[in-house]
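Letters A, B, ... mirror the listed sequences (proteins, then strands); counts begin at 1. If you're wondering where the values come from, they're calculated on a predicted model, not measured in any experiment.
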There are 2 protein chains.
Amino acid sequence: MLAQSGYSQSTHGRPALGPTRRPPPVTAHSLDGTIEMIGASMVFPRNAEIFGESEPAEYLYKVVSGAVRTYKILSDGRRQIGGFYLAGEVFGLENGDEHSLSAEAVSETRVLVVKRSALFALAERDSEIARQMWALTSHELHRLQNHVLALVKTAKERVVGFLLEMAKRAPSGNRVELPMSRQDIADYLGLTIETVSRTLTQLESTAAIALPNARCFELRDRGALGRLRG
Amino acid sequence: MLAQSGYSQSTHGRPALGPTRRPPPVTAHSLDGTIEMIGASMVFPRNAEIFGESEPAEYLYKVVSGAVRTYKILSDGRRQIGGFYLAGEVFGLENGDEHSLSAEAVSETRVLVVKRSALFALAERDSEIARQMWALTSHELHRLQNHVLALVKTAKERVVGFLLEMAKRAPSGNRVELPMSRQDIADYLGLTIETVSRTLTQLESTAAIALPNARCFELRDRGALGRLRG
DNA sequence: CGACCATTTGATATGGATCAAGCGATGTGG
DNA sequence: CCACATCGCTTGATCCATATCAAATGGTCG
C-alpha cells in the first residue's frame, strides 16, 4: 500500500515531494526495485500534464495505476501520440537534459517519481543500474521501430495491431479495458477518429472482436486477427 | 589511411579480422575514440548484407565512407527502411542479444567493426563509456520519434523533411549527393517511388531545389522548404 | 429531464497508390 | 565506336483507401 500525496495540476508542476518520500537509497542492483524504494507517489487527474516537451528532464516516472500518453504537437496543430504507458511501465527517462515529448495522464493516474540525478549517481557506481537504464531506452527504441512499421500499414492492420498490443499488455483474458479515447487511438495510429470507429465496427461485424461499450473490447477470433495484423 | 581488408559478401559473414586488427584497448573514456583505436576495417560492396534481423548482435559498426541502410521486411514483402547511416555515424548497437533490423551497404562502404563484448567489458569499469553507449541508443530513439512524426505528414512534407535532413548531415553547402536510390527514399518515407519522383519534380518546378541528376540535389530556397517542412 | 460530449454512421472529396508508357543514363557485345 | 539491352527514373491516366464534412445516436452528469 502506497502513501498518498496530493494532486498536482500545476502547469510546470514540479511536485512538492515532502510527505511521501521513501527511505534513502539502497544498492539493490535493480532499477525497478530502486524506483519502488525511493520513488515518491503522486496522483495526476485525467488530462493533467505530467511534463512538457523541452522541459528539463528532472524525473523518471513509473505508472502505479491509470495510464499515460506521450505526444508531440505538429505545427499545424495535429497531435501525434508516441506511446501509452500502463500500470507497471516506466516513462520519462532521458539521456539528455530535456524531455523530447510531452506527457499527460489519460485517466486519473498514480505514478512513482524518482529524481534522475539520484539514478545517475547510482549508475556511476553500479554498472548494473546503468545497464538497466540503457535497457529501458533500448526497449523504447524497439517499440518505436514497430510503431514506424505500423504507420506504413493499412488502417485495418494498424487497428488490429493496436488491439493485439493492448491485449498483450493488459493480461486479463480476452476482455480488455481501454483507458484512452477514440481520438487518442486515432492520434497514436495516424488515422482519423472516424476511420478508427468504422474499422472497429467492421471487425465486430466479422465477429473478430466484440465491443460491449466504447471503452473496452473482447478478442473473439485471435486467428482471424492475427491474419489481419499484416 | 586505414589498412585494407578483403570484401565480405558472405551471408552470415562474420568477417575474418586478423590482418586489420588494431592495438589493444586503451581507456580513452570515449566510445568514438575506442572504436577508432580497436575497430577493424572492412569493406562491403554495394547492396551487401552487413547483418540480418534477429542475428546475434555481436558487433557495433561505424561508417568510414559510403552509406548504410537498416530495414525490416513486412510479411507482404514491403520493405521499411529504418534509417540511413553516413560517414562518421554508428549503427548496429544493441542492448539485447539480437539485431532488430537488417543492415545493407547502400553503396560500397567501409566500416570500422568493434566486438560488442569488448565494449561491454569496458563499460563495466568505465561509466563514461557506458553513458556514451546509452547516448547512442538515446539518439536513435529521438531520430525514430521524428521519423514517426514524419510518417503522419503529407508526401511533400516527408520529402522536404528528408532533403533538409540529408542536407544537414552532409554538410557541403547547398549541393548534396544522395547515395541511395529513389526506391530507398520511398521505402524510408513510406511512399511509392512515383510519388517521391513527382514530388521532387514539383519542388524543382517551384525553384525550391535543383536536380542536376538523379543522385544529387541543390537547395535553392531554404525559406520555402522550411515552410513546406510542416 | 436536458445539455453536453464522445462515438457512430453516412455522403462526398482527394492525396497518393497503382497501372502503364516513355525516357535517359550506363554498360556490353559486335 | 556505335547499336542495343538494361535499369532506374520520370511522366501520364485512373482508381481507391482514407480524409473530410455532416448528421444521428448514445452515454454521462448536473
Side-chain angles (χ1 to χ4, degrees), chain A residues 45-47 67 69 74 76-81 106-108 150-163 177-206 209-217 228 230, chain B residues 45-47 67 69 74 76-81 106-108 150-163 177-206 209-217 228 230:
Chain A
R46 186 166 130 82
N47 294 328
R69 61 178 169 253
L74 297 176
D76 64 353
R78 294 221 310 154
R79 177 183 69 160
Q80 177 60 37
I81 291 186
V106 171
S107 53
E108 177 169 295
L151 290 180
V152 301
K153 297 184 187 174
T154 66
K156 192 189 273 194
E157 288 168 341
R158 295 186 212 187
V159 170
V160 169
F162 174 76
L163 296 179
E177 301 297 321
L178 289 174
M180 70 290 289
S181 70
R182 293 286 185 270
Q183 188 65 61
D184 287 335
I185 299 172
D187 289 350
Y188 177 67
L189 297 177
L191 299 170
T192 59
I193 184 175
E194 293 96 330
T195 297
V196 170
S197 179
R198 273 187 250 272
T199 306
L200 287 171
T201 303
Q202 195 200 339
L203 289 170
E204 185 178 35
S205 75
T206 62
I209 63 170
L211 295 167
N213 65 65
R215 287 304 178 103
C216 93
F217 67 92
L228 291 173
Chain B
R46 190 166 128 81
N47 295 326
R69 59 178 171 253
L74 296 176
D76 65 354
R78 294 220 310 152
R79 177 184 69 159
Q80 178 60 36
I81 290 185
V106 171
S107 52
E108 177 170 295
L151 289 179
V152 301
K153 297 184 187 175
T154 66
K156 191 189 272 195
E157 289 168 340
R158 295 186 212 189
V159 171
V160 168
F162 174 75
L163 295 179
E177 301 295 321
L178 289 174
M180 69 291 287
S181 69
R182 293 286 186 270
Q183 188 65 61
D184 287 334
I185 299 172
D187 288 351
Y188 177 68
L189 297 177
L191 298 170
T192 58
I193 183 176
E194 293 96 330
T195 297
V196 170
S197 178
R198 273 187 251 271
T199 305
L200 288 171
T201 303
Q202 195 200 340
L203 289 170
E204 185 178 35
S205 75
T206 62
I209 63 169
L211 295 166
N213 64 68
R215 287 305 179 102
C216 93
F217 68 93
L228 291 173

**With sequence neighbours excluded, residues passing side-chain contact (heavy atoms from CB on, under 4.5 Å) with B:Thr192** = B:Glu194, B:Thr195

**Prompt:** For the atom pair OG (B:Ser107) and CG (B:Asn47), what is the distance rounded to the nearest 0.5 Å?
**Reply:** 9.5 Å

**Fill in**
Expected list for residues 189-202 of chain B near DNA chain C, using heavy atoms below 4.0 Å, is B:Gly190, B:Leu191, B:Thr192, B:Glu194, B:Thr195, B:Arg198

**Request:** Tell me, please, which residues at least two apart from A:Phe162 pass ring-ring contact (aromatic ring centres under 6.0 Å, His included).
**Result:** A:Tyr188

**Prompt:** Through what angle, rounded to 10 degrees, does the axis of the helix from C:dC1-D:dG30 to C:dG30-D:dC1 turn between its ends, using five pairs per end?
**Reply:** 30°

**Message:** So, using side chain to side chain donor-acceptor pair (under 3.5 Å) as the criterion, who are the partners of B:Glu177 when residues are at least two apart?
**Reply:** none

**Complete:** d(A:Leu228 CG, A:Arg158 CZ) to nearest 0.5 Å is 15.0 Å

**Prompt:** Could you state the CG-P distance from B:Asp187 to C:dA17, rounded to the nearest angstrom?
**Reply:** 11 Å

**Message:** Can you measure B:Arg215 atom CZ to C:dT26 atom C1' for me and round it to whole angstrom units?
**Reply:** 12 Å

**Request:** Kindly compute the distance separating CZ (A:Arg198) from CG (A:Leu191), expressed to the nearest 0.5 Å.
**Result:** 12.0 Å

**Protein-nucleotide distance (A:Glu204, atom CD; C:dT9, atom C1'), rounded to Å** = 14 Å

**Rounded distance (Å) that lies between atom C1' of C:dC5 and atom CD of A:Gln183** = 13 Å

**Complete:** Sorted by chain and residue number, the side chain to side chain donor-acceptor pair (under 3.5 Å) partners of A:Glu204 (sequence neighbours excluded) come out as none

**Prompt:** Hey, where on DNA chain D does chain B first and last touch, going 5' to 3'? Cut-off is any atom under 4.0 Å from a heavy atom.
**Reply:** D:dC9 to D:dA13

**Message:** Checking B:Asp184 now: which residues fulfil side-chain contact (heavy atoms from CB on, under 4.5 Å) with it, not counting sequence neighbours?
**Reply:** B:Arg69, B:Arg79, B:Ile81, B:Phe84, B:Val106, B:Met180, B:Ser181

**Asked** Which residues within residues 150-162 of chain A lie with some heavy atom under 4.0 Å of an atom in DNA chain D?
**Response** A:Thr154, A:Ala155

**Request:** Identify, with sequence neighbours excluded, every residue that meets side-chain contact (heavy atoms from CB on, under 4.5 Å) alongside B:Arg182.
**Result:** B:Leu178, B:Ile185, B:Ile193, B:Val196, B:Leu200, B:Ala214

**Message:** For A:Thr154, give me all partners under side-chain contact (heavy atoms from CB on, under 4.5 Å), at least two apart in sequence or on another chain.
**Reply:** A:Lys156, A:Glu157

